[in-house]
Each structure stands twice: as structure tokens, then as C-alpha cells.
Amino acid sequence: MSKFATGVTVITTLDPSGNPHAMTANAFTSVCLDPPTLLVCVAHNTITYGYVEARRRIGVNVLREEQEELGMYFARRPEHREGNPEYSYTFDARNVPELDGSMVFFDCEIVGAHVYGDHTIYVGEVREMKRSDEGAVPLMFYDSHWYHPGHE
Ligand SMILES: Cc1cc2nc3c(=O)[nH]c(=O)nc-3n(C[C@H](O)[C@H](O)[C@H](O)COP(=O)(O)O)c2cc1C
């Protein structure tokens, strides 16, 4: 799988108190256009999994190359996160957190879930989409490394 180059997303959810929680994910793809639908695969040992099960709503934030530090940061559980990168959220009309600065944000309602092994495949119908991608270069992940297609 490491030889399949991907973009990088951050999945945003809310904890039981309504505080945003974020996790890096690249098991993400388009499902269909009508209705606009995507999928993400979430491991059962993540904190995010419990929050998605409870809320059935997620934000999917497509990272730009300048957000590599955030991609690394949110790839660790909160107790293992290192550094103090700056980030902020904007809540949309459905109270889904958008990670500010991302190149695309999808607000999705979970409309299907398929448990397989230690992951659940979540099918999300897009309720809102926001693009801020003018001049943006996506962050990528390939061969277990962060990759900047604009420079390498
Ligand atoms: C590039 C990259 C992609 C990842 N993709 C996924 C993914 O698609 N699904 C997943 O469950 N975990 C994925 N992870 C691992 C999670 O980001 C990691 O387990 C994180 O600590 C989970 O956070 P949480 O437990 O706070 O929810 C990925 C990690 C990296 C570095």
C-alpha cells in the first residue's frame, strides 16, 4: 500500500463535550457523484472511531502542503502529540468543525458503515463542500513519507 501515492486528509469530529477532535487519514476516496458521496476507513483503535459512531457526522479536510506539520500532529493520539502547531477550526451550519487552511472541506453525514476486520468503512454523503484551493498544492503521502509534488 505504501507504493500507492495519496493525498492526505484530516477527519474532524466532536467529542462528547462538543470539542473538536482530529485524525489524519488517507484511506479516503470518492464513491459517487449523484448524490455526492465519499468514504473513509477508520481503525477501531482510534479515538475518532468512537466519536464517529456516536455523532454520525464527519468533516473531511484535504491538506495543502503547508499543513504537513498538522498531518504529522494529528497522526498521533492526543497523549502522544508533539510540538505545538498552530491551528483553528470554523464550525459550519451543522456544527461540523472545519480545519482552517485546508484546501477542501467536506461536511458529511454518515449514511452507511461496513465493519471489516479492525476498520469500519464509513460512507458519507456530502452536505456541504468548501474549496480554498486557488494556487494550493496538495500534501501527499508516498512510501511512508510526506511528499510535496510541487517541489520534489
Ligand atoms: C499518512 C497517514 C494516514 C493515515 N490514515 C489513516 C486512515 O485512513 N484511517 C485510520 O484509521 N488511521 C489512519 N492513520 C493513523 C491515525 O492518524 C492515527 O492512528 C491517529 O493517532 C488516530 O488518532 P485518534 O486516536 O486521536 O483518533 C494514518 C496515519 C498517517 C500518518
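Being a predicted model, the structure only gives us computed values, none of them experimental. Numbering of ligands and ligand atoms starts at 1, following listing order.
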* Asked: Do any heavy atoms of R81 fall under 4.0 Å from ligand 1?
  -> yes

* Asked: Once the angle between the rings of H21 and Y51 is folded into 0 to 90°, is it parallel (under 30°), tilted (30 to 60°) or perpendicular (over 60°)?
  -> perpendicular

* To do: Please state which part of R77 comes within less than 4.0 Å of ligand 1, counting heavy atoms only: side chain, backbone, both or neither.
  => both

* To do: For T37 and P35, indicate whether the former's side chain and the latter's backbone hold a donor-acceptor pair under 3.5 Å.
  => yes

* To do: Check each heavy atom of F74 against ligand 1 and say whether those closer than 4.0 Å belong to the side chain, the backbone, both or neither.
  => backbone

* R56/E53 salt bridge by N-O under 4.0 Å criterion -> yes

* Report yes if A27 has an N/O atom closer than 3.5 Å to an N/O atom of ligand 1; otherwise report no. => yes

* Asked: If you measure every N/O of H21 against every N/O of ligand 1, is any gap under 3.5 Å?
  -> yes

* Taking the six-membered ring where the residue is Trp, are the ring centres of F74 and Y87 under 6.0 Å apart? -> yes

* Judged by atom type as modelled, is there a donor-acceptor pair below 3.5 Å linking the side chain of R64 to the main-chain atoms of G101? -> yes

* Part of H80 within contact of ligand 1 (heavy atoms, under 4.0 Å) -> neither

* Asked: Does an N or O from C41, backbone or side chain, lie closer than 3.5 Å to an N or O of ligand 1?
  -> yes

* Asked: Of all the heavy atoms in V8, does at least one lie under 4.0 Å from an atom in ligand 1?
  -> no

* Taking every non-hydrogen atom, the tightest pair across R57 and I110 -> N-CG1, 4.1 Å

* Taking N or O atoms only and a 3.5 Å limit, does A43 qualify as a polar contact for ligand 1? -> yes

* M72 heavy atom under 4.0 Å from ligand 1 -> no

